K.L.:
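There's a structure below that I have some questions on.
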Amino acid sequence: MLSSSTLSIPACTDVPRHLAVIMDGNGRWATKRFLPRTAGHVRGVQAVRRVVEACGKRGVEYLTLFAFSSENWRRPKEEVSLLMRLFIQTLEKEVGKLEQQGVRLRVVGDLEPFEPKLRDLIRLAEQRTEHNSALNLTIAANYGGRWDILQAMRRLLESRPDLAGTPQAIDEAMLADHLSMAYAPEPDLFIRTGGEQRISNFLVWQLAYTELYFSQDYWPDFGAKEIDAAFEWYKTRERRFGRTSAQVSGVV
Ligand code: IPE
Ligand code: IPE
Ligand code: MG
């Protein structure tokens, strides 16, 4: 585990080290234009490209994008299958580019229910980019924050069966070490597009001390300019992590 904001205070920089995004509003973007919702998802992929590039240029080290939640299976069958096809197509088309741009791709979530072809493409994309380190791009797919905490607890007990008899010996760091994004620091900035102000079971553990930014823009309209506006807002935040303002500014 790289850091836990409740155990130690991370260094604060003007550009977030780790940006986590709920890419929301694809369906409404399309409906507003009398297009099928799926057209919004197709346009959403272009926004992913823009934001990955903008974050790379601005020196973000970790970018995490919520692409499909564990609750999104509740959507109409046709929409779910379009999203899966889009995921496959995007991986097929974009991985070469990511490799060249120095992007390391990882996918987190319960990949078990995905079709074998998609799982293979994910594995391949992760392998092809694993030597990269310019930007760590994580796609959360069939991800749920509660699933993550549960799977972490299960894996912890599998690796340390003795802890079942001494639960008081379990600490925060041990559990966090088994979360699916244990390789990354906790997000500094969270952006949700589309106007809703909720977490929707995204990184529920890791967002404990993250700055939360909500944008009215629909995801397909999001790009470099909107990233800059979010980063400008982020710069103005005083991240106190429980301390007083005077302590943060070094007055006391
Ligand atoms: C986000 O956009 C994409 C996914 C959840 C896959 P939505 O599809 O949720 O768009 P709205 O919220 O219905 O507009
Ligand atoms: C959250 O968006 C999930 C993703 C962006 C992948 P939703 O549109 O599914 O969230 P709710 O259900 O409206 O909260
Ligand atoms: Mg939505």
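Computed from a prediction, not measured in an experiment: that's the story for all the values here. Each ligand, and each atom within it, is numbered from 1 in the order the structure gives.
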K.L.:
Which protein heavy atom lies closest to atom 7 (P) of ligand 2, and at what distance to 0.1 Å?
P.N.:
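So the nearest neighbour among protein heavy atoms is Arg75 NH2, 3.8 Å.
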
K.L.:
List the atom pairs, donor and acceptor, that lie under 3.5 Å between side-chain atoms in residues 150-158 and the rest of the protein, sequence neighbours left out.
P.N.:
unit_1, atom_1, unit_2, atom_2, d
Gln151, OE1, Arg155, NE, 2.9
Gln151, NE2, Asp148, O, 3.3
Gln151, NE2, Asp148, OD1, 2.8
Gln151, NE2, His178, O, 3.2
Arg155, NH2, His178, O, 2.6

K.L.:
Please state which option from His41, Glu79, Arg28 has its nearest heavy atom closest to atom 14 (O) of ligand 1.
P.N.:
Arg28

K.L.:
So, Glu71 and Ser200: side-chain donor and acceptor under 3.5 Å apart, yes or no?
P.N.:
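No, Ser200 and Glu71 have no side-chain donor paired with an acceptor closer than 3.5 Å.
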
K.L.:
Give a yes/no on ligand 2: does Arg198 have at least one heavy atom closer than 4.0 angstrom to it?
P.N.:
yes

K.L.:
According to ring pair (Phe, Tyr, Trp, His ring centres under 6.0 Å), who are the partners of Phe66, at least two apart in sequence or on a separate chain?
P.N.:
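Partners of Phe66 under the ring pair (Phe, Tyr, Trp, His ring centres under 6.0 Å) test: Phe202.
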
K.L.:
Compile the donor-acceptor pairs under 3.5 Å between side chains in residues 119-126 and protein atoms, sequence neighbours left out, one pair per line.
P.N.:
unit_1, atom_1, unit_2, atom_2, d
Arg119, NH1, Glu112, O, 2.8
Arg119, NH1, Phe114, O, 2.9
Glu126, OE2, Val107, N, 2.7

K.L.:
In this structure, does ligand 1 have an atom that sits under 4.0 Å from one of the heavy atoms of Gly194?
P.N.:
no

K.L.:
By residue and atom, what protein N/O/S atoms are less than 2.8 Å from the Mg ion (ligand 3)?
P.N.:
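Listed by chain and number: Asp24 OD1.
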
K.L.:
To check your reading of the model: name the closest protein heavy atom to atom 8 (O) of ligand 2, its residue, and the distance in Å.
P.N.:
Asp24 OD1, 3.1 Å

K.L.:
Which residue holds the protein heavy atom closest to atom 2 (O) of ligand 2, what is that atom called, and what is the gap in Å?
P.N.:
Arg192 NH2, 3.7 Å

K.L.:
What about Ser69: any of its N or O atoms under 3.5 Å from an N or O on ligand 2?
P.N.:
no

K.L.:
Within the structure, does Trp29 bring an N/O atom to less than 3.5 angstrom of an N/O atom in ligand 1?
P.N.:
no

